[in-house]
2 protein chains.
Amino acid sequence: MRRGGFNRQMRRPAHPPMPEGGYPESLEKKTAHIPPLEHGNIRIIPLGGVEEIGKNMTAIEIGNDIIVIDAGMFFSNESTPGIDYVIPNTRYLEERKDKIRALIITHGHLDHIGGVPIVLSRIGNPPVYSRNLSILLMQKRQSEFPHLPPLNAIVVEKDDAIKLGNLKIRFWGVTHTIPDAMGIIVETPYGDIVTPGDYKLDQVDGVVSESEEKEYEQFDKRNILLLMTDSTNIENEGFSLAESKVHQGIENILRRETNNRIFMAAFASSITRLIKVVEIAESLGKKIVIEGRSMKTNLDIAIQAGLLKPKKDSIIPIDQIDNYPPNRILVLVTGAQGEEFGYLNRLANKSVKNLSLKKGDRIILSSSIVPGNERQVQAMKDGLSRQGVKIISFRTPGEEFVHATGHGNKEDIRWLHKKMKERFFIPIHGHHYHLELHKELAIECGVAEENIIVPDNGSIIDIIDEGKKIVMRKEKAPSAPMIVDGFSVGDEQQVVIRDRQMLATDGMFVVVAMIDQRTGLLRKSPDIISRGFVYLKESQDLLRHTRTLIKKTVEDAYKRERPGDFESIKNIVSETVAKYLLQKTGKRPLVIPVVLSV
Amino acid sequence: MRRGGFNRQMRRPAHPPMPEGGYPESLEKKTAHIPPLEHGNIRIIPLGGVEEIGKNMTAIEIGNDIIVIDAGMFFSNESTPGIDYVIPNTRYLEERKDKIRALIITHGHLDHIGGVPIVLSRIGNPPVYSRNLSILLMQKRQSEFPHLPPLNAIVVEKDDAIKLGNLKIRFWGVTHTIPDAMGIIVETPYGDIVTPGDYKLDQVDGVVSESEEKEYEQFDKRNILLLMTDSTNIENEGFSLAESKVHQGIENILRRETNNRIFMAAFASSITRLIKVVEIAESLGKKIVIEGRSMKTNLDIAIQAGLLKPKKDSIIPIDQIDNYPPNRILVLVTGAQGEEFGYLNRLANKSVKNLSLKKGDRIILSSSIVPGNERQVQAMKDGLSRQGVKIISFRTPGEEFVHATGHGNKEDIRWLHKKMKERFFIPIHGHHYHLELHKELAIECGVAEENIIVPDNGSIIDIIDEGKKIVMRKEKAPSAPMIVDGFSVGDEQQVVIRDRQMLATDGMFVVVAMIDQRTGLLRKSPDIISRGFVYLKESQDLLRHTRTLIKKTVEDAYKRERPGDFESIKNIVSETVAKYLLQKTGKRPLVIPVVLSV
């Protein structure tokens with residue numbers, strides 16, 4: 001996955017307790033306009049992930065059964081100020097709880113599991129199927145929502161087949177940046193519905209490994225009705241860089257830099273790489289320090305899952321860092337995106353209490369920059385470079401490979417289509433532009449244009465005529481993002497967000513005027529409360545003139561309007577003051593008048 | 001230059017009139033702590049541009065003369081919500097007006113001229129020297145500040161030498177993405193101070209053109225005391241891509257796409273390219289439509305400067321676009337960065353009245369993405385791709401070159417150092433990390449480490465000992481960015497910005513309580529005004545409980561506190577309400593109590 005800013009995480013608990021009794025349900029039906037699935041047809045609804053990178057969720061409805069694949073999230077960005085994160089809209093599922101047989105999770109990244117606790121609580125707490133590591137990561141996340149019931153989790157293996165309602169479902173192992181990623185195969189009378197989840201091929205320079213070929217071998221014999229897959233890297237030429245080259249690159253750096261401490265910042269979600277780097281460091285006799293909450297958590301879970309088996313004493317607490325010479329130290333940290341409270345950013349800001357950087361320290365930024373994070377990463381690099389460290393990033397000229405994407409590039413994607421030879425295709429992860437480019441590639445790979453649907457969140461796609469035809473219905477499932485903001489969750493928060501954007505632009509200006517009913521005059525000079533508008537210390541004249549204007553405006557309006565018609569007095573004050581402030585300052589604060597009478 | 005978001009431009013005039021009589025001056029001296037320049041020494045003060053990309057300004061002080069080089073701006077970003085733009089701090093110059101002989105401008109991009117009107121008005125309106133196009137662009141900008149006097153502009157040619165006070169100053173022509181860019185040479189008794197401004201080399205695959213070699217030939221014979229230059233692209237390997245390759249790439253596309261209309265979005269500041277593209281289109285018999293305010297303005301100015309001489313009727317108004325077949329149409333537009341009101345973004349949003357996109361239209365994005373603009377560009381591409389157009393960007397696999405940077409890459413920069421063989425070096429454009437990397441390169445090129453200064457904005461750098469030594473003083477000139485926010489300009493707006501950020505995160509919650517002095521009870525239920533906090537429609541219970549809490553808190557406090565001590569009552573209310581809201585909602589709105597007594 002790619003992750004956005006974590007800026008809000010430390011301000012308050014990341015996952016607030018739910019209101020007791022769960023979130024209130026809306027009584028109003030929101031999906032009554034959608035015709036029920038006709039007998040013999042198959043319905044696919046991408047509920048999230050097709051107008052963004054993140055919050056992936058897709059529903060498959062066959063007969064009387066619905067299964068849901070993944071339930072992700074994404075973090076707030078500048079278009080959703082102040083919120084915690086966003087999850088897919090669940091209303092279609094909420095109104096069909098009795099049909100939902102399971103939530104099946106492809107892998108344990110937050111863009112696939114981040115919405116699980118809240119989504120489950122809204123769709124009737126169906127059982128959750130996934131492989132071991134993914135279940136452990138979900139259980140950890142669920143524990144942060146103590147008011148919700150524990151997961152009804154069922155661990156499956158990659159070669160398992162299960163039955164859910166009338167559906168037969170199989171899995172297979174896929175390569176991603178986290179262990180235990182799996183693809184899903186839903187058998188239907190017309191052929192298989194297949195999705196690999198997030199994947200890249202295990203290949204080096206385009207030569208796919210034997211074990212990977214073996215995983216996909218089964219598709220040579222299967223009849224694929226529908227492929228649903230990821231378009232994240234559709235703009236990238238060639239095959240993805242092999243993760244093994246990154247492991248070698250990091251090993252080369254660790255072998256080379258024999259005089260200095262090495263810090264490596266990465267996504268805590270790159271668990272495959274983190275495990276490998278710990279093993280490399282151990283083999284070179286280094287001690288490993290792990291810092292940053294999610295880094296500690298994820299490596300603990302990897303140990304718990306038996307995927308990482310560090311030697312005794314090779315992972316040391318940070319207070320022992322100075323017991324070893326610099327060349328024996330590797331520090332794994334969070335914060336490669338310059339997140340405000342990421343560990344590396346706190347080092348850059350010199351705000352870590354028990355550790356500071358030294359001249360000569362090597363900092364490996366083992367990640368790409370998530371689009372939108374460029375400025376904060378730059379600021380972090382500036383802070384780091386002031387401390388005399390050497391930064392090695394994925395773009396440092398002439399350097400080793402220190403990062404590879406977890407998603408297949410164009411040639412990985414092409415390989416998949418050639419392997420699947422699917423009849424129908426729906427791209428289910430990416431921005432609209434990515435999906436359109438992916439459609440072009442699928443056509444190149446032999447899929448008929450009329451057999452490809454480029455969906456939006458909430459699109460209702462029916463496979464009809466006994467598997468012969470695919471159509472997108474004109475009706476849509478509700479798809480407004482569910483915004484998690486403090487303890488509230490909902491899809492009607494747009495007005496709150498708009499107000500925040502307005503407040504962030506020009507601030508606010510509250511006016512309090514108290515009219516004496518007997519005299520029709522203000523009892524005292526009006527109060528003004530303003531924030532985020534102008535620098536008040538330098539605006540005393542403006543405030544004085546505005547008070548005079550308010551007094552006159554209120555008193556005139558009070559005389560002129562019907563007695564007690566405070567609404568119209570407030571409107572007049574609001575307009576007059578807003579106009580005056582715009583004229584004097586060029587700014588449009590939110591003007592809010594409070595008119596009281598005594 | 002690279003440019004940030006223009007999001008605010010259309011909401012109100014981009015350049016508000018100044019208050020009559022100009023901006024008030026601060027009476028308090030802010031630079032009295034800085035020791036005056038000693039006789040025989042030379043002082044350099046980078047006042048902007050060395051902790052960012054943008055708002056470039058450097059002062060050179062020799063004897064009784066100060067010259068200022070460039071006066072740029074940069075646009076607001078998410079760390080400065082709501083503001084218009086930022087310019088360098090002028091206080092050092094304000095307090096030494098009588099020494100300032102001139103503002104010299106290297107070229108007409110906004111990161112070099114955007115601050116000119118306000119900076120000039122604060123430093124005593126010295127004359128401004130630059131080449132013809134740059135002066136025309138500055139005059140256009142100055143006209144948007146009608147309360148300020150016109151520029152005292154003096155046009156120079158690239159081979160001119162001028163005298164300012166006791167200083168002899170020469171220029172030379174440099175290659176950038178705008179015509180009439182020039183470098184500056186200040187002669188001193190110890191050798192020359194040289195800055196090329198923004199530059200790349202006119203070269204193809206590392207072979208520098210004859211005319212470029214000729215411009216720089218003079219430096220073979222000169223003695224360079226100090227080089228000050230740009231580090232923007234220090235992370236990019238090799239030479240910059242030749243602009244001529246981009247011209248060829250665009251020509252190839254124009255020749256190839258014979259069935260469709262072609263739109264090209266670019267920085268309006270890439271005047272060299274725009275002129276060339278108009279010429280190419282003309283030579284292919286195409287009609288050219290020009291849309292977007294800055295695109296129209298800049299091409300008008302290019303025509304006025306005699307740099308573009310379009311044939312009669314080759315530039316057509318937009319309402320004639322349908323008079324020609326699609327393959328004869330090229331539309332040059334603003335908005336390649338996805339700016340909210342950029343023309344291309346408005347096309348993507350279908351909000352242009354007299355033009356809409358057609359299936360098959362080709363859209364060339366002839367620019368890189370300015371860091372921080374990735375999300376808005378993605379959203380624009382999504383909107384465009386929904387309309388069936390084909391997008392060609394600088395990263396479209398297998399496509400022609402459609403963009404090249406205007407700044408020299410690492411090898412351009414190395415070439416310059418080898419040519420200059422300077423004694424001292426100060427990098428003056430870029431983020432701190434860039435400057436540090438540039439220092440490493442300069443050392444590689446033979447500059448002694450102790451002869452390189454990596455400055456911050458406001459650093460005071462003295463060349464002492466008759467040109468033998470360079471030192472950074474411990475004192476600094478004021479360097480807080482001057483924030484232009486509506487009609488206000490100042491370097492003390494941080495509190496306003498902080499409030500905006502807080503309001504954007506959790507909104508506001510104003511409480512109005514009116515106490516009856518006789519009874520000590522509230523006269524009516526307290527008023528609550530809240531925006532950007534929670535969705536009020538769904539929070540009626542919360543508001544009711546909060547009103548009850550406020551009533552009880554105020555009445556209890558009124559009884560307990562000294563009569564008339566409204567400050568302490570307000571503090572109690574504020575704390576109590578904030579705590580309650582955090583507990584109930586997980587959010588921390590700005591709580592503002594208004595307590596009145598009657």
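Order of the sequence lines sets the chain letters (A, B, ...), proteins ahead of strands, with each chain counted from 1.
Interface residue Arg531(B): backbone and side-chain heavy atoms are both found under 4.5 Å from chain A. Within the 4.5 angstrom heavy-atom criterion, only backbone atoms of Lys584(B) (N, CA, C, O) approach chain A. Neither the backbone nor the side chain of Arg498(A) comes within contact range of chain B, judged by heavy atoms closer than 4.5 Å. Proximity to chain A (any heavy atom under 4.5 Å) is shown, for Val598(B), by both the backbone and the side chain. Contacts of Ile391(B) with chain A are made by both backbone and side-chain atoms, with heavy-atom separations under 4.5 Å. Of the atoms belonging to Glu538(B), it is side-chain heavy atoms, and not backbone ones, that fall under 4.5 Å from chain A. For chain A, the nearby parts of Glu235(B) are the backbone and the side chain; heavy atoms of each come within less than 4.5 Å. Met514(B) touches chain A through its side chain: at least one heavy atom from C-beta onward sits under 4.5 Å away, while N, CA, C and O do not.
Using modelled atom types, one side-chain atom of Glu51(A) and one backbone atom of Asn457(A) make a donor-acceptor pair closer than 3.5 Å. With hydrogens and angles disregarded, no donor-acceptor distance shorter than 3.5 Å links the side chain of Ser231(A) to the backbone of His438(A). With hydrogens and angles ignored, the 3.5 Å screen pairs no side-chain donor or acceptor of Asp491(A) with any backbone N or O of Ala480(A).
Interface remark: of the candidates Lys410(A), Glu440(A), His434(A), His434(A) forms the most heavy-atom pairs closer than 4.5 Å to chain B. The greatest number of non-hydrogen atom pairs below 4.5 Å with chain A, out of Leu435(B), Ile592(B), Ile369(B), is found for Ile592(B). Your options are Leu384(B), Leu536(B), Val512(B), and the one with the most heavy-atom pairs under 4.5 Å with chain A is Val512(B). Per-residue counts of heavy-atom pairs under 4.5 Å with chain A were compared for Thr585(B), Val454(B), Val510(B), Thr396(B); the largest is that of Thr585(B). Taking chain A as the reference chain and counting heavy-atom pairs below 4.5 Å, the highest number among Leu503(B), Thr80(B), Val495(B) is found for Leu503(B). Taking Arg395(B), Glu52(B), His432(B), His431(B) one by one and counting their heavy-atom pairs under 4.5 Å with chain A, the maximum is reached by His432(B). In terms of heavy-atom pairs under 4.5 Å with chain A, the best-connected choice from Gln493(B), Gln378(B), Glu237(B) is Gln378(B).
Under the 4.5 Å side-chain criterion, counting only non-hydrogen atoms from C-beta, Asp485(A) is not in contact with Tyr535(B).
Using a cutoff of 4.0 Å between basic side-chain nitrogens and carboxylate oxygens, Arg414(A) and Glu411(A) are scored as salt-bridged.
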